[in-house]
Student: 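Here you go, one structure.
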Amino acid sequence: MSETALSTKRLADLANPTRFLALAGIVLPWLGGIAALLLAIGLSLGFAAPEDYQQGITVRIMYIHVPFAWLSMLCYSVMAAAALGTLVWRHPLADVALKSAAPIGAVFTALALLTGSIWGKPMWGTWWVWDARLTSVFVLFLIYLGIIALTRALDDPGRSARAAAIVTLVGFINIPIIKFSVDWWNTLHQPAAVIRLDGPTIHPTMLWPLLVSAAGFTVLFATLHIMAMRNEIWRRRVVAMRRLAARRAEGRE
Amino acid sequence: MRLVADNLAGERGGETIFSKVGFTLDPGGCLLVTGPNGAGKSTLLRVVAGLLPVAAGTVGLESGGERWPDPAAACHYLGHLNGMKVALTVEENLRFWQQFMGEMHLAVDAALDSVGLGEIGHLPFAYLSTGQKRRAAIARLLVSHRPVWLLDEPTAGLDTASEAQFAALMRAHLKEGGMIVAATHLPLAIEGAGELRMGGNV
Amino acid sequence: MLALYIRDLRLNIRAGGGALVGILFFLAVIAVVPFGVGPDLNLLARIGPAILWIGALLAALLGLDRLFQADREDGSLDLLVMNGARQMLAFTVFVKCLAHWTASVLPLVVAAPLLGLFMNMEPVGIAAATLTLLVGTPAIAFIGAVGAAVAVALPRGGLLVSVLVLPLVIPVLIFGVSASYGAITEPDPFLPPFLMMTALTLFFAVLGPLAAALALRWSAD
């Protein structure tokens, strides 16, 4: 069997919701454990790390703020990929993935905004400014909420899936805007410090805890996402069974 | 208690649909309103229910007492629409109407059983087939008590078995001293029912 | 009547209900303003209460046209009207307004303090604006009920409801905004406009449902 045929088969296997449920059952405890471990290490390292000479203790909020912000974008990227899966390959799990990721992404975005706000108050003297980075993240939050409303507006999952996929793809232009907003416009928010072409500008004693906790939150996201997908599959099965029950009751009489 | 209509006329959109219609209904009486499409069957029922103004003549409930002051208060109206919310379950729908309309009669479960929907009361109304939806609407007539049933094409969408079941429910209602005014073009299996032919007299 | 309140609340919150969309609309309106007037925090702080009020007003109008239309489409409205001898129709309308307000406007009031922060408003100003919204917005629902009842039989009554209702809610808006400003700017008083607005709400709580009930009774066909 050639390589591509094998990978296609694997994808097809995953497409089967029953296979997915079985796999999720095996993977979830491990993912949860890894997430807990990484988060414990990352956050305790963060508390052990030196304080910033300018910002003092408030810098510690970075170890959760940055991962939240990073995940708010990652989650949207996952959703955009799922949207492609729905529209191009008609992958049966893609719209489940999209629908179940949206609330998680919205929560991470809200947390990023909240922690940023708490960090911003002592640093900038205000809870909120309408600069490019903050505004574009707020717009991302609104897009998330819009997609959530859309996925829940219709009873028929097939129709709402395509609509949500299209909106998700259109909204994806916001992601590069968020990423590069700090470079394109002169903003109050500091420019990128970790992922940049000339290497990180952040001191290693702070970089490592940050990376570990970011990895921890990412695994946490994967865990939550798989759990949410499992719930969504179960929910759809319940709906299908209820419709069946209504038809059966008819047939018997 | 008597439901009396005298020299009644009804109009819709400024146009007289029917006039000079009169009938008297005693407890246990059933009146079948028949006639071709557009004869004013639905309009007559809506006028009796108080949903449309009376154009001429009178319709009233005699000796209804405090409990049934006017026809609207004493009537169940089953129109073309079922009056159920698709987002709620069948039980939630019926329980709401029971609490809202008062005069509790049958329990929700018992009413659902008597229309053959006992097992699917927990399902959202949207999942039901057309006939099941109609039967759920019929169950609404049973959860609260009203002496007069105004039925507009009550058997629309019902199969033969359900029709027979519904006829039995109607007979039971008449036996308890209820009254029925039904607009239909299908023969309902009710003995001793009067007939009011409409159409051709306008 | 409690049953009606719970039913309408459920319908608003469950799938297909408009509650979430109203909140989103509110957020979007507030988010658009800084783009229009520029991110000047002092300016935003000054116009903040007015923006919150206008946003809440528009969001509250959004779902109003469905208030009776949804019931009309499935035949429930006939039954609600027929039951007028037991449950006074005006009271039925009142309860429906209350349920509409709880599901689609109350969340806006809860979100208002947060958006006040976005507008760089002072804590006192935020508290005052939220309080005026809490007391003033029910009036919008009660006035809106009249528009919704008049337009219930029209196929595309949605926009018409807003056009009919907007002029009528202007007094509420005036007193609401001037009370919010009265709390932060020194010479202006807070209490008189606030009490005027409360009076308006109470007044429309009676007049609105009565007029709407009358319109519903005559709209049946």
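Atom set for the values below is all heavy atoms of this structure, side chains included, hydrogens, waters and symmetry mates excluded. Just so it is clear, the structure is predicted and the values come from calculations on it, not from any experiment. Lettering of chains follows the sequences in order, A, B, ..., and the numbering in each one begins at 1.
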Student: Please classify the contact between C:L80 and chain B as side chain, backbone, both or neither, with a heavy-atom cut-off of under 4.5 Å.
Tutor: both
Student: What part of B:R140 gets closer than 4.5 Å to chain C, counting heavy atoms only: side chain, backbone, both or neither?
Tutor: side chain
Student: When you check the side-chain N and O atoms of B:T58 and B:D6, is any donor under 3.5 Å from an acceptor?
Tutor: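 There is no such pair (donor and acceptor under 3.5 Å, judged by atom type) between the side chains of B:T58 and B:D6.
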Student: Side chain, backbone, both or neither: which part of B:E103 has a non-hydrogen atom closer than 4.5 Å to chain C?
Tutor: side chain
Student: Fit a plane to each ring of B:H145 and B:W68, take the angle between them on a 0 to 90° scale, and name the class: parallel (under 30°), tilted (30 to 60°) or perpendicular (over 60°).
Tutor: perpendicular
Student: Is it true that C:E73 and C:R66 make a salt bridge, defined as a side-chain N closer than 4.0 Å to a carboxylate O?
Tutor: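 Salt bridge flag = yes for C:R66 with C:E73.
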Student: Under 4.5 Å from any heavy atom of chain C, what part of B:R67 do you find: side chain, backbone, both or neither?
Tutor: backbone
Student: Listed by chain and number, what are the ring-ring contact (aromatic ring centres under 6.0 Å, His included) partners of B:F96, not counting sequence neighbours?
Tutor: B:F100
Student: Could I get the full list of ring-ring contact (aromatic ring centres under 6.0 Å, His included) partners for C:W101, not counting sequence neighbours?
Tutor: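 If we apply the ring-ring contact (aromatic ring centres under 6.0 Å, His included) test to C:W101, skipping adjacent residues, there are no hits.
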Student: Within the structure provided, determine whether C:L210 and C:L214 are in side-chain contact (heavy-atom separation under 4.5 Å).
Tutor: no
Student: Any carboxylate oxygen within less than 4.0 angstrom of a Lys/Arg side-chain nitrogen, looking at C:R10 and B:E92?
Tutor: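 Yes, charged N to carboxylate O under 4.0 Å.
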Student: I'd like to verify something: which residue of C:T92, C:L79, C:D71, C:L77 has the highest number of heavy-atom pairs under 4.5 Å with chain B?
Tutor: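 Top option by heavy-atom pairs under 4.5 Å: C:L79.
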Student: Tabulate, in ascending numerical order, the residues of residues 75-84 of chain B having at least one heavy atom closer than 4.5 Å to a heavy atom of chain C, or enter 'none'.
Tutor: B:C75, B:Y77, B:L81, B:N82, B:G83, B:M84
Student: Do we see a donor-acceptor contact under 3.5 Å between the side chains of C:T132 and C:W53?
Tutor: yes
Student: Sort out for me which of B:P69, B:G102, B:A72 touches chain C most, counting heavy-atom pairs under 4.5 Å.
Tutor: B:A72
Student: With ring pair (Phe, Tyr, Trp, His ring centres under 6.0 Å) as the rule and sequence neighbours excluded, what pairs involving residues 133-172 of chain C come up?
Tutor: C:F94-C:F142
